[in-house]
6 protein chains.
Amino acid sequence: MNTPPIGTGAVNALIDLALAEDIGPGDITTDHLIAPGVAGRGYVTAKEPLVIAGLEVARVVFQRLDGGIRFEPFFADGDKISGGDRVLAVTGPLGALLTAERTALNFLQRLSGIATCVRGYVEALGSRPVRLVDTRKTAPGWRVLEKYAVRVGGAHNHRFGLYDGVLIKDNHIAAIGGISRAVGKIRSSVSHLVRIEVEVADLEQVKEALAMKVDVIMLDNMALEQIREAVALIDGQALVEVSGGVTLEALGRLADTGVDLISVGALTHAARSVDLSMQIMPV
Amino acid sequence: MNTPPIGTGAVNALIDLALAEDIGPGDITTDHLIAPGVAGRGYVTAKEPLVIAGLEVARVVFQRLDGGIRFEPFFADGDKISGGDRVLAVTGPLGALLTAERTALNFLQRLSGIATCVRGYVEALGSRPVRLVDTRKTAPGWRVLEKYAVRVGGAHNHRFGLYDGVLIKDNHIAAIGGISRAVGKIRSSVSHLVRIEVEVADLEQVKEALAMKVDVIMLDNMALEQIREAVALIDGQALVEVSGGVTLEALGRLADTGVDLISVGALTHAARSVDLSMQIMPV
Amino acid sequence: MNTPPIGTGAVNALIDLALAEDIGPGDITTDHLIAPGVAGRGYVTAKEPLVIAGLEVARVVFQRLDGGIRFEPFFADGDKISGGDRVLAVTGPLGALLTAERTALNFLQRLSGIATCVRGYVEALGSRPVRLVDTRKTAPGWRVLEKYAVRVGGAHNHRFGLYDGVLIKDNHIAAIGGISRAVGKIRSSVSHLVRIEVEVADLEQVKEALAMKVDVIMLDNMALEQIREAVALIDGQALVEVSGGVTLEALGRLADTGVDLISVGALTHAARSVDLSMQIMPV
Amino acid sequence: MNTPPIGTGAVNALIDLALAEDIGPGDITTDHLIAPGVAGRGYVTAKEPLVIAGLEVARVVFQRLDGGIRFEPFFADGDKISGGDRVLAVTGPLGALLTAERTALNFLQRLSGIATCVRGYVEALGSRPVRLVDTRKTAPGWRVLEKYAVRVGGAHNHRFGLYDGVLIKDNHIAAIGGISRAVGKIRSSVSHLVRIEVEVADLEQVKEALAMKVDVIMLDNMALEQIREAVALIDGQALVEVSGGVTLEALGRLADTGVDLISVGALTHAARSVDLSMQIMPV
Amino acid sequence: MNTPPIGTGAVNALIDLALAEDIGPGDITTDHLIAPGVAGRGYVTAKEPLVIAGLEVARVVFQRLDGGIRFEPFFADGDKISGGDRVLAVTGPLGALLTAERTALNFLQRLSGIATCVRGYVEALGSRPVRLVDTRKTAPGWRVLEKYAVRVGGAHNHRFGLYDGVLIKDNHIAAIGGISRAVGKIRSSVSHLVRIEVEVADLEQVKEALAMKVDVIMLDNMALEQIREAVALIDGQALVEVSGGVTLEALGRLADTGVDLISVGALTHAARSVDLSMQIMPV
Amino acid sequence: MNTPPIGTGAVNALIDLALAEDIGPGDITTDHLIAPGVAGRGYVTAKEPLVIAGLEVARVVFQRLDGGIRFEPFFADGDKISGGDRVLAVTGPLGALLTAERTALNFLQRLSGIATCVRGYVEALGSRPVRLVDTRKTAPGWRVLEKYAVRVGGAHNHRFGLYDGVLIKDNHIAAIGGISRAVGKIRSSVSHLVRIEVEVADLEQVKEALAMKVDVIMLDNMALEQIREAVALIDGQALVEVSGGVTLEALGRLADTGVDLISVGALTHAARSVDLSMQIMPV
């Protein structure tokens, strides 16, 4: 599992923001208590079962405080960890460890929370031949990291932004005056390396999309029966995605309709952080 | 309710990051479909009951896309909104509205999610004379905004970072060798405008903290009975904060022990986004 | 033709860099000669026939110097302009016009140079049913703008970066050990909204790519005869792109082989700036 | 030949922009194909004769992806390289090499293109006692790098921006009402370490500039005969620069008029990128 | 004495600005004179008695130019240094040492100037039980560094900004309509970890502040006699700060009134830089 | 008097830093006391005689907080202002005025402090035909603004940085092995628009510099008699600058030696801030 670009670009900028917002002009508790030369060691421990994600981000956070901090993960991103297990160790200047602690934990807790949530959905799907995908409902500034946590959890990514895939939604269709016109217009101009997906609300629109030979059809908030009809109608001529208010319980039934993709905004926008704690001591 | 600084500093930087990560080199769907001169109007609608927060951020997001977009909120931050209510209207270039939609909604959904979650805790407390406060367990990069949403929800802020309050935690005490030594050392050097809070694990530590005349004592993960004893022991000589795994059900019982502050990490790290949608059409 | 995002993100950053590198601590000629209150007007004139591109960028450059500058274009991006024609007028503080002149012209000259070069290729192709596309051989920092100029010129964009399309090149195939393995691995994990293109060097590789049902096959530096054979072999099962050392003279012959796309790095990396000048005077 | 400041300031910012625009949220081809631990080696090869420039920039680009990449140049900036020669080797993580390839090549191709173009002009001048200089007609954001490539090619730099030399142009003279007034005003206030150059259009202006004892006189778009008269008139009292539409063929004749400097915008704005390729393989 | 965060956040940004403003597109003297491979050594020498401050900043400045520069301080921040003493040595590329010299010295001279000025005030106070504190009258952009130099000099910091302490000033009181209303309003909402200080102009206001149980009372520009009355009135119920035009001569008399804190804007806004020089030579 | 570029580049970045360091996550006093809708007016008053500088910077600071603030200066930069005079008025949201106050004043106080200090030197020189110039001993990050304040005060600028003038100093001469070698080397390569200045320590070096026809000779820390000899020796063949420990008293005597330029580091590094205050009230 390759990590996303962390040391450059948007993730790098988010890490800078995160450290600046927590440290500001200085950690007045640590700076006044801990002398510069004192060495320390810290352990991050899982307080509940979880799927770990974000170890490389945590490493960068600690080493941004002090380039000499040694970072030893005992697991890899994607591993399941039991409550009570030690996740990683850090060794270096005691003051730097104490100052970096909360920011590093906040990244790990949120990303592992998403990976853990995603894993639950993935296991609920079992071996069914369907792809679980995320959405663009991510915390602003966190897109690259949250989509990485989704992959760590075992699901797939939908497009990353407005630039790496065409998704013609209800608002576009209303504005342009129909699916046919929208698809025709965009196919003549958009890059040949991105596919065209269209959001449809009923079977009439499914037919219109099929007639335009779109690559993917998104069935938006349809009832189970309607989804089955749509799948039959499409019959392999396009990929079929279902979207809208998908719950963990409904997942199996949805998958069994024969759709190709199920997108779930809750993977990112409703995942709660998992509980990790850190013990730090002088050595 | 004053909004935090949005157009400068850290929030401004987060908005830039958010727009760049979603738009990147361009919104290929909208740019190819909607001609530059077409005007549009959009409405944001609540899909469930919620406490709205982040209207000013949404305004800045839309107007960053096009300075001429008119933004009309129908409510103010902190208002309770019923499912189905229209929250705000935007009017301006149709393409800009479509491109800004997801980023604006993502900010609103997350901040309103926190405010709604907080409001639930606040109402559970009722008129009890206790302060509900947040923690530093926020999404990295979002500290200022999430703490604002906590205030919108009706709770209070704990310190914003490592710089605006002294909090001597277990790791500090272990490193420096005891509460007395830690408090003595820091009192002689830290600014006279910040208070000193100490995290304690048992009644012995409570006594040690009292002897050092600290301003605030944080009872960490204590049982209800132990909290009552601590409150009796402290007897108004310091503010008393309880912390650690506070649930909505336990809130009333905790408050009735006579503590001054209850801090709840879940206000920010476990709040799920609320559901808001947007309809956009040409005008 | 929609302009790319100029006021935010990467283009905004490039404009900041551009103004800073030219003005630095101040325009010592203009600042010492022109008093603050003097108003001026300037005209940009084409010194040769050209296709104009970048008017919005020029507008932002001038108004970054002074928000009150009035910018009046006499043409729109994509228009053919004769040598001697006036392209635009600016009115505002004389000092600001003089200071912004060179940066605004440098943007216009380079982008119009690309658009003009592209238009030449497009006209050489005439009505042949083939798409002329650009490459990633752009001036670092200029990707979004140069790809916009390509569209203004009348050609299409290939992918914008490493993130919005899969292109498995010779180096990848060598590293992973064959086309089949590469395509299989990537299809199972990459987003369903991006297509998979494979670069091939001979007909054996064309067959391997076809067997893997890739979306696009890039014939790299093949001879005309070999291209014809490849097109016959592929026979509509995938889009066919030719690439590598395409000259303006060879364009027609290449198009007549029946390929779908012809990519030309020279559209961006070999275009020379066109000649524009500016006259500025007090009013 | 000292390289310009690369790791700080404007060049550093351009490198960040360049990597971000190409990689964005991730190199989806490489990330999905190449496992993190695989090592690789790559060679950059010249596909045509060229003067190499930008090796240090390429080194920084590769090492920004991974600090452990070893960069071994086989030549130094300014060396002439034959088509087919290997220019440099890089060794390190295979994925990082593949991801950095295009950005590194794009910098090298453009800078070497300028250096190669400049070298052609320099050789055309031979041993004539005249200075070939560049202009401010550079790609916005690239000023420092392009002017470095001009030095690598063997020519000299004119001023870097509006801040390190006074150049009173036709627009200034028109605005201020004559050369005498302009020179008098600026001499009394500008730093004693920058020289004053004036652009003139005819012999009358030459005389006026001489009377004001300017340091450099720029003959703008004058005919050969007129230039000879101007040189005779100036007779060593000021440096003489010719400017405007200088072609490679006209260079010798211009130099033989006895002018001190010939400025050529085409050195930067009309140079095409040279052809370099890269082979990368696992090791 | 812990240094403030230097490699991240605001100080890091100031160092970037400082190097960019001095070096710009390049150090034309050094770059043209010193070949890349030449090694050098430099010594910074005190030209007058001083208290040194800012050594870590100087280290970062030199190593930003070249990561391989060895930095050896002969003293620690806070040490008194005699005129003529060598303060530190740097060893590395000669060109980088020459280019970094002025920026490194400018940081050291200003910060040591403040530390030296502060030390004078501290010594004038002797063992009197009063705290000498700074103000927010610092050079914009320098807040964190100047407040660090104040600590190095031996005094204490007042709040760092508008966010880490409440200070209700005359303008606030006038706007809100009295001390009682202001204190009541703010106490109900502000974090429990910051104290409330009120600026008062006469004894009536002292009484009003006392009645509101504020934490700190600032006596603004009061005469000595009035200060004594205020101290008697307050009688330990709040900390007492005096402020406004405090001179070195008045310091002892002020301290002897029994106040707790004396704030002096001149510590930062009137300190002159001390004289340091640097000798650099090839080795 | 033209202001330097404020809204873009380095000064813009410094203003952002300044507001962020003072406001951080929010002005907790003002935000909790002043309701969003309340309007206010403020006046800045001089508390001592001074030369005002930095009005445009103050305007930008206020309007960065709220674009609708009206800024009315009663004087122009460079005007002498008596103690007690009102300098400017601002009208707008009361909260924004209170929050911006200190940052705006800190800019004005420092820049006016420098302008006032410079004016004192300028008046001491009277009508003597000599140029008073500054140095690079400025507060890091403030170069452009401090050099502007020097011009406002009535003196001239030396070079702005290492890039807009050649100054061969003792360290360079020692490294390269003599003035002749250094000047010869640099003249052959540096831009024809910058002059060459050499720092000399004795008359031998003056002769060597004259022989090399340098443009400016800086007499470093020479005694008055030696300066007179040097001026006689140079006799108009180069400009003569004296430098090093120049005091206000010595100024006249130095000027009377016939030198062309006197450079004084104290203009910037020893100027104290002047006293300005602000009254703000609701309207």
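Per chain, numbering begins at 1; letters A, B, ... match sequence-line order.
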J.: Under the side chain to side chain contact (heavy atoms under 4.5 Å, CB included) criterion, do Asp164(C) and Ile28(D) qualify, and how do the steps go?
T.: CA-CA 8 Å; Asp164(C) 63 336; Ile28(D) 56 176; over 6 Å; no
J.: Taking every non-hydrogen pair under 4.5 Å, which of Gly165(D), Gly113(D), Ala35(D), Gly9(D) racks up the most with chain C?
T.: Gly165(D)
J.: If I measure from the heavy atoms of chain D, does Val194(C) come under 4.5 Å with its side chain, its backbone, both, or neither?
T.: side chain
J.: Under the salt bridge (Lys or Arg N to Asp or Glu O under 4.0 Å) test against Asp22(C), which residue among Lys137(D), Arg159(D), Arg143(D) passes?
T.: Arg143(D)
J.: Does a donor on one side chain sit under 3.5 Å from an acceptor on the other, for Thr29(D) and His172(C)?
T.: no
J.: Please flag which part of Thr99(D) lies under 4.5 Å from any non-hydrogen atom of chain C: side chain, backbone, both or neither.
T.: both
J.: To the nearest 0.5 Å, tell me how far Leu162(D) CG sits from Glu101(C) CD.
T.: 9.5 Å
J.: Any idea which heavy atoms bring Glu21(D) and Tyr163(C) closest together, and the distance?
T.: O-CE2, 3.5 Å
J.: In terms of heavy-atom proximity below 4.5 Å to chain C, should Leu98(D) be classed as side chain, backbone, both, or neither?
T.: side chain
J.: So for Ser188(D), is it side chain, backbone, both, or neither that comes closer than 4.5 Å to the heavy atoms of chain C?
T.: neither
J.: Taking heavy atoms only and a threshold strictly under 4.5 Å, list by residue number the residues of residues 275-283 of chain D that touch chain C; give 'none' if the list is empty.
T.: Met278(D), Gln279(D), Ile280(D), Pro282(D)
J.: With only heavy atoms counted, which part of Thr30(C) is less than 4.5 Å from chain D, the side chain, the backbone, both or neither?
T.: both
J.: Would the distance check show the side chain of Trp142(C) and the main-chain N or O of Gly141(D) forming a donor-acceptor pair, the cut-off being under 3.5 Å?
T.: no
J.: Out of the candidates Ile168(C), Val166(C), Ile186(C), only one should pair with His32(D) under the side-chain contact (heavy atoms from CB on, under 4.5 Å) rule; please name it.
T.: Ile186(C)
